[in-house]
Novice: 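Starting off with a structure, shown below.
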Number of protein chains: 2
Amino acid sequence: MMLSQTEENYLKAIYSLTYTNSNNVSTTLISEAIKTKASSVTDMIQKLAEKDLVHYKKYQGVSLTKIGQKIAVEIVRKHRLWEVFLVNKLNYNWDEVHQMAEQLEHIKSETLIDKLEAFLEFPTHDPHGDPIPDKEGNIKHHNNTMLSSVETGKSCVVIGIKDSSDPFLKFLDKLQIQLGSILKVISKEPFDNSMLVETETASISISNQISKNLFVKKL
Amino acid sequence: MMLSQTEENYLKAIYSLTYTNSNNVSTTLISEAIKTKASSVTDMIQKLAEKDLVHYKKYQGVSLTKIGQKIAVEIVRKHRLWEVFLVNKLNYNWDEVHQMAEQLEHIKSETLIDKLEAFLEFPTHDPHGDPIPDKEGNIKHHNNTMLSSVETGKSCVVIGIKDSSDPFLKFLDKLQIQLGSILKVISKEPFDNSMLVETETASISISNQISKNLFVKKL
DNA sequence: AAATTAATTTAGATAAGTCTAAAAATAAAT
DNA sequence: ATTTATTTTTAGACTTATCTAAATTAATTT
Ligand SMILES: [Mn+2]
Ligand SMILES: [Mn+2]
Ligand SMILES: [Mn+2]
Ligand SMILES: [Mn+2]
């Protein structure tokens, strides 16, 4: 099946919205994710339903079919492997690679992404800690532990970022927090749910907005 | 200036046709190169003329403007650097990379191609022996010596392929001829302009069609 | 339960890039 | 110098993906 970049982007959007939101994704939600108008989304999902890539009943939102899901995961796989390439091989910072990966994920080739994966020595996670689906589409999701849920006095390792937006990544850079950073929760402030955290090098105050966006593994 | 992939492809086609053909490229020639109808080409070159990327007078064919040429060379640069990546890093054969490079050459980024160039350690030629333009757009063309013009008894090195089509590249593979191969002309057949050539490993007969397509440097 | 609000879909329009068929201009042949 | 053939351009239509505005359906409030 030969899909346009646009169709691929819709599938990818529906895929990730299915995780962050309900199982049946609404038209408006997609339109916000993809920065189009809701009416355009309706057109497209009808087209995708024609191609059996989504389940769609009028006014009921959409969900991916088996094949639609398979394609979406393939695109996610491509996106994340290209991000690894850009960071590990071309020395980009983790906040610089998303836009390029958005383009590279649409390169069509039967073999390219598997060759790239081998060249990168089969990475398991992208530069933002997101898991990379394997060739068959299997993907191991994070165990949803956020920094905000770590008890006072306990330590943890940063293993992923929930919101990988540029400003947030740059902010983490400034705080010298990266994947693998070890954080110890010193105290929590009930007033605004901020916490005092000890890194390898410093003691910093972290707002709830931030601690809710950091995936960690408790130690 | 933000160009579509299609516009970029037209500029690239005009660029290479300017070399292989006359200075003013005809509509039909472009339409054959780009596999569209002549009427579509007319539409597009009028659009490109609007944007000052080509010089165009009705019925007189087109040529690239300074800025149009600059963009065309940038795309050639990207194409060839990606081909080097695919062959040198991902272990593709030289006959497998063109279609992927056709897509990769359109990836938009201010920095990507320069980073890639550095990662590849500043290659001067692509896998088919074609020169890679530098960051400023300077490009050293082959000194047009073809194998067909080498005198009997003389030796030469293969430095490039004129027609880099898949079948031709595969054929060269079979003959065990590659860039850097040293060929000695044993004899020439006046009847069909074929020649008997000695490689490092064997003695082979080479048709004129082939010897006219191999760039060499005389030794 | 009816009225109001919000979300979704339809209808009609637009832009990019392509096509076919017809018209106009150029080139080649008589 | 005409006629004929070829090339190029125009005109009108189609497809994909988008938009605005209007109509419809669903959800919320009163
Ligand atoms: Mn990304
Ligand atoms: Mn990522
Ligand atoms: Mn190529
Ligand atoms: Mn090449």
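Values in this document were obtained by computation on a predicted structure and should not be read as measured data. We use all heavy atoms of the structure for the numbers below, so side chains are in, but hydrogens, waters and symmetry mates are not. Convention: sequence-line order gives letters A, B, ...; per-chain numbering from 1.
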Novice: Less than 4.0 angstrom from a charged side-chain N to a carboxylate O is my criterion; do E151(B) and K188(B) meet it?
Specialist: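 Judged by the 4.0 Å cut-off on N to carboxylate O distance, E151(B) and K188(B) do not form a salt bridge.
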Novice: Salt bridge check: are E8(B) and K78(B) linked by an N-O gap of less than 4.0 Å?
Specialist: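 Judged by the 4.0 Å cut-off on N to carboxylate O distance, E8(B) and K78(B) do not form a salt bridge.
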Novice: Please find the pair of heavy atoms, one from N24(B) and one from G61(B), that lie closest to each other, and give the distance.
Specialist: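 Smallest interatomic distance, heavy atoms only, reads ND2-O, 3.9 Å.
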Novice: Heavy atoms under 4.0 Å, any strand shown: does T42(A) hit a base, just sugar-phosphate, or nothing?
Specialist: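 Base contact.
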Novice: Under 4.0 Å from any atom of DNA chain C, heavy atoms only: list the residues of residues 2-18 of chain B that qualify, in numerical order.
Specialist: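 Only S4(B), T6(B), Y10(B) qualify.
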Novice: I'd like to know if the side chain of D126(B) and the backbone of G129(B) have a donor-acceptor N/O pair within less than 3.5 Å.
Specialist: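 Judged by distance alone, yes, a pair lies under 3.5 Å.
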Novice: Between protein and nucleotides 19-26 of chain D, map the contacts as a letter string: B base, S sugar-phosphate only, - none, heavy atoms under 4.0 Å, written 5' to 3'.
Specialist: BBB--BSS
Novice: Is it true that K70(B) and E136(B) make a salt bridge, defined as a side-chain N closer than 4.0 Å to a carboxylate O?
Specialist: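 No, K70(B) and E136(B) are not salt-bridged.
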Novice: Send over the distance from L48(A) CG to dT9(C) C1', rounded to a whole Å.
Specialist: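 Going from L48(A) (CG) to dT9(C) (C1'), I get 16 Å.
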Novice: Can you check the E50(A) CD to dT16(D) P distance for me, whole Å?
Specialist: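 Checked: the CD to P distance equals 12 Å.
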Novice: Quick one: closest heavy-atom pair of V54(A) and I45(A), and the distance?
Specialist: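 That would be CG2-O, 3.7 Å.
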Novice: Whole angstroms only, please: what is the CD1-C1' distance between I45(B) and dT7(D)?
Specialist: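 Atom CD1 in I45(B) sits about 12 Å away from atom C1' in dT7(D).
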Novice: Using side-chain heavy atoms (C-beta onward) and a distance below 4.5 Å, is V158(B) in contact with L147(B)?
Specialist: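 Sidechains of L147(B) and V158(B): no contact.
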Novice: May I have the distance from I30(A) (atom CD1) to dT18(D) (atom P), rounded to whole angstrom?
Specialist: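 So the CD1-P distance, I30(A) to dT18(D), works out to 12 Å.
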Novice: By side chain to side chain donor-acceptor pair (under 3.5 Å), which residues pair with E117(B), not counting sequence neighbours?
Specialist: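 If we apply the side chain to side chain donor-acceptor pair (under 3.5 Å) test to E117(B), skipping adjacent residues, the hits are R77(B).
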Novice: Rounded off to whole Å, could you give me the CE-to-C1' distance for the M44(A) and dT15(D) pair?
Specialist: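 After rounding, the gap between these two atoms is 12 Å.
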